[in-house]
Number of protein chains: 2
Amino acid sequence: MRPNLDRSNAVTPPSPPQRRRVTVADIASAAGVSRATVSLVLGGSPLVGAATRARVEAEIRRQGYVYNRGAANLRRKASTSVALVINDLSNPFFAEFAAGVDEALADVGHVMLLASTGESVERQRAVLASLVEHGPAGVILSPAEGSRAQDVRAVVGLHTPVLVFNREVEGGDWDFLGTDNAEGARQATAHLLAQGHRRIAFFGGHAGSSSCRQRRSGYLQALREAGIEPEPRWLVECTATRLQAAASTGALFVRDPAPTAAVAYNDAVALGLMLGLAARGILPGHDFAVTGFDDIPEAAASVPTLSTVATEPRARGRQAATLLLERVRAPETPPRTLIAPVQLVARASSAFTAPDATTNRTTLR
Amino acid sequence: MRPNLDRSNAVTPPSPPQRRRVTVADIASAAGVSRATVSLVLGGSPLVGAATRARVEAEIRRQGYVYNRGAANLRRKASTSVALVINDLSNPFFAEFAAGVDEALADVGHVMLLASTGESVERQRAVLASLVEHGPAGVILSPAEGSRAQDVRAVVGLHTPVLVFNREVEGGDWDFLGTDNAEGARQATAHLLAQGHRRIAFFGGHAGSSSCRQRRSGYLQALREAGIEPEPRWLVECTATRLQAAASTGALFVRDPAPTAAVAYNDAVALGLMLGLAARGILPGHDFAVTGFDDIPEAAASVPTLSTVATEPRARGRQAATLLLERVRAPETPPRTLIAPVQLVARASSAFTAPDATTNRTTLR
DNA sequence: CTGAAAGCGCTTACAG
DNA sequence: CTGAAAGCGCTTACAG
């Protein structure tokens, strides 16, 4: 993958000059001091006398001066921005994550550059290239599926630290912040087992994605620990959207005895599954137990409310920002991997005891 | 409101220098050309010979050079970023809007600076000040409630064009992109009237917000055009969240005859209302008709699906970005006000004919 | 086609 | 306490 060399702005010309901008020089001459003194006032330096400071500040307000942090950062070789690259802002999980990043950055006076990739590796390349040229202190990347470490590194360069979130990219020399997917699915499965379910499906996601594989492994582990040999037909794949999940519901009931519960890949899938169940006359939370993953806001508001594994994306966002800024301050420390803990939230969708495993014959269709 | 004069970075020091950064000078000397020539190569200028160009490009790749667009923009007095200030990223309406802005900006090679205010005027001030210092070509502002034009202008300065979205700020000399709130509520009300409803409530929102007032006025207009004198108790205020709406449902049924339908302030409120109705044993879409506003993704997936007024936040985001960039190119043209059209989407939540108005006695509790 | 020079708006030693 | 000077990384007339 070659870096994008053309800076000709083929797409659109950059914005033309506006009304002449007020600079430190304007303030300096109006206040009768040198530019250096204005700069010291701006920096809150104690070297400047109170009278001088007052004069300069009055002039700053009078002329509506706006500090040019870009110029300052250029001179100081510093940065006060962080780039965030996510898949899709309309996914509430990523929106919450971005909100967390924003919170943490605002607290330390940094600004967030945000772009989304729509899960396209090519768009990710373009977007990373564009963001990195703006000189962020670092990049938080929730990588598109199929991202390769060398491609990311080629476009980001060696200069800018990267923190990868959510999905590992093999071979990267960067920090990683992940979620304990296996443990979350294990907890969800154990919860269903504790309610007496023996035929439990894992519903949704694609085995190609690492988070799906990890969740499946936690699910399988819990089943095996309970002495249950999982059946292959309990593993139902589907794209992680509500609509696809609703449409795939039938796959659970192709043969008797059907599962009485399902661990869904995530909340979107779980909500879709509940829709699909309802459409078949199966009441989720009554005839069939469902758990989700993520605890998006909707999980607490759906009917029935959705039992799910809370991953707290907003807290993860804050954490990611903090970790990245630590890395910026200590570029040479070895890369870290952090796996955030998860917590099962039991709600109505799984709040029933399974019928006895031997007599239960859910002949549903 | 005084501008924030202190640039001392009290909160956190800006990031320290990283490994030495590769510059045009490094490429130039390695390729045996001047910095100007490298710049011309970067700019895709036809003045450079093919052999020279190839040599320079090879060197750029070899050294992992990353273009410093900040420095270039400083020199050219240009900008390739746009700032977006919204209330809350975890609100799907704003998340979709931001996604639209992002799409449009990415298409023209601009970068998005994003921050949220949490509906706080003070945080909005701080966030605007911080963003504007990074020199965006313009600012898209979805103002926090209570924003005042002079405060915004004081902190943004005269140099940076502003486009206000969603909520008007009195006295601003900027472009405004809004939604036809009155027309949307009028359509929703007319739709319910056409189904035979005569006692129709307007549910949710606060009369203090201009969008709520506009929606109420469309609702009232539709009722009056139908010869119905609206009753004061049909106007139920509540904060625009699902939970608050569910909790306020009872206010509709304090006296007989109760309304048989409600125009909800927005989708969150409508979904909460449907929950509140269900909790009282009233089936939304069967015993009581509900319409929402916004058409968030969930509206199509709720049970029953929610009739609503589509405002297409993503399209609005794209439009806002386009309008702002037009303004950047033509700073002197007079401010524009655009009111985007809306479209009623009829779904199950309103898909029943009202019982005859005279015999109907919904003695519900 | 290529190079030397000036300058964007700022900061930071260094003198005074 | 304040000012003159250099320089961050780039671009752009202007010569040649």
Side-chain angles (χ1 to χ4, degrees), chain A residues 5 7-9 13-18 20-29 31-56 60 63 65-80 132-135 157 159, chain B residues 5 7-9 13-18 20-29 31-56 60 63 65-80 132-135 157 159:
Chain A
L5 298 180
R7 305 297 139 200
S8 53
N9 290 303
S15 48
Q18 311 282 309
R20 197 175 104 46
R21 148 166 222 160
V22 180
T23 73
V24 284
D26 299 313
I27 305 300
S29 67
V33 299
S34 76
R35 286 148 59 215
T37 302
V38 176
S39 180
L40 292 175
V41 170
L42 253 12
S45 161
L47 295 178
V48 186
T52 312
R53 168 179 301 280
R55 232 169 47 243
V56 169
I60 284 176
Q63 299 199 31
Y65 168 74
V66 173
Y67 186 67
N68 184 335
R69 197 173 283 280
N73 284 344
L74 174 61
R75 175 59 232 257
R76 305 172 67 185
K77 294 167 161 299
S79 172
T80 48
V132 136
E133 290 180 354
H134 285 83
H159 190 264
Chain B
L5 297 180
R7 303 299 139 201
S8 53
N9 288 302
S15 49
Q18 311 282 309
R20 198 174 105 44
R21 149 166 222 159
V22 180
T23 72
V24 286
D26 300 313
I27 305 301
S29 67
V33 299
S34 76
R35 286 148 60 215
T37 303
V38 176
S39 180
L40 291 174
V41 170
L42 254 12
S45 161
L47 296 178
V48 185
T52 311
R53 166 180 303 279
R55 230 169 49 244
V56 169
I60 283 176
Q63 301 198 30
Y65 169 75
V66 174
Y67 186 69
N68 185 336
R69 196 173 285 278
N73 284 344
L74 174 61
R75 177 59 233 257
R76 305 172 68 186
K77 294 167 163 298
S79 173
T80 50
V132 133
E133 290 181 354
H134 285 83
H159 189 264

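In the text below, chain A, chain B and the rest are named by the order of the sequence lines, each starting its count at 1.
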Measure from CZ on B:R75 to P on D:dG7 and round the result to the nearest Å.
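Going from CZ in B:R75 over to P in D:dG7 covers 18 Å.
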
For B:Y65 against B:V22, the heavy-atom pair lying closest together:
CD1-O, 3.4 Å

Interatomic distance, B:Q63 atom CD to B:T23 atom OG1 [nearest 0.5 angstrom]:
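If I round to the nearest 0.5 Å, the distance is 8.5 Å.
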
Can you tell me which nucleotide in D:dG3, C:dC1, D:dC10 comes closest to the side chain of B:T52?
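For B:T52, the side-chain atoms sit closest to C:dC1.
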
Check whether any side-chain heavy atom of A:V66 lies under 4.5 Å from a side-chain heavy atom of B:H159, and answer yes or no.
no

Do any side-chain nitrogens or oxygens of A:K77 fall under 4.0 Å of OP1 or OP2 in D:dG9?
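Yes, within the criterion.
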
Go through the steps for A:V56 and A:L40 under the test side-chain contact (heavy atoms from CB on, under 4.5 Å), then give the verdict.
CA-CA 10 Å; A:V56 169; A:L40 292 175; over 6 Å; no

Out of C:dC10, D:dG3, C:dT11, whichever nucleotide has its closest atom nearest the side chain of A:R76
C:dT11

Minimum-distance pair of heavy atoms, taken over all atoms of B:G44 and B:R53:
C-NH2, 3.9 Å

Nearest heavy atom decides the nucleotide; on that basis, is A:G49 or A:R35 closer to the 5' end of DNA chain D?
A:G49

I want to verify a distance call: between D:dC10, D:dG7, C:dG3, whose nearest atom is closest to the B:Y65 side chain?
D:dC10

Length of the line joining A:L47:CG and C:dA13:C1', which is rounded to integer Å
12 Å

From NE2 of A:H134 over to P of D:dG9, roughly how many Å is that when rounded to an integer?
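Value for this atom pair: 17 Å.
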
I need the CG-P distance between B:N73 and D:dT11, as an integer number of Å.
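Rounded to whole Å, this separation is 9 Å.
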
Choose from D:dC10, D:dT12, C:dG9 the nucleotide whose nearest atom is closest to any side-chain atom of B:L74.
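In terms of side-chain proximity for B:L74, the closest of D:dC10, D:dT12, C:dG9 is C:dG9.
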
Can you name the nearest heavy-atom pair linking B:N68 to B:R21, along with the distance?
CB-NH2, 3.7 Å

Phosphate oxygens OP1/OP2 of D:dG9: is one of them under 4.0 Å from a side-chain N or O of B:T23?
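Negative; the distance criterion is not met.
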
Can you tell me how far NE2 of B:H134 sits from OG of B:S79, rounded to the nearest 0.5 angstrom?
11.5 Å

Grab the OH-P distance between A:Y67 and C:dC10 for me, whole Å please.
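So the two atoms are 8 Å apart, to the nearest Å.
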
For the pair made of CG in B:N68 and P in C:dG9, what is the distance, rounded to whole Å?
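Rounding to the nearest Å, CG of B:N68 and P of C:dG9 are 16 Å apart.
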
Watson-Crick and G-U pairing of DNA chain C written in dot-bracket, each distance under 3.5 angstrom, with | for inter-strand partners
|||.||||||||.|||

Which residue lies more 5' along DNA chain D, comparing B:V22 with A:T37 via nearest heavy atoms:
A:T37

Atom CZ of A:R21 to atom P of C:dC8: distance rounded to whole Å?
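Between P of C:dC8 and CZ of A:R21: 13 Å.
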
How many whole angstroms separate atom CG of B:L40 from atom P of C:dG3?
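In whole Å, C:dG3 P lies 10 Å from B:L40 CG.
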
Does the side chain of A:V41 come within less than 4.5 Å of A:T52's, by heavy atoms?
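No - every pair of side-chain heavy atoms lies 4.5 Å or more apart.
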
From the list D:dT12, C:dT11, C:dG9, which nucleotide is the closest neighbour of the side chain of A:A72?
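Taking heavy atoms from C-beta onward, the closest nucleotide is C:dT11.
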
The nucleotide from D:dT11, C:dC10, C:dG3 with an atom nearest the side chain of A:V24 is C:dC10

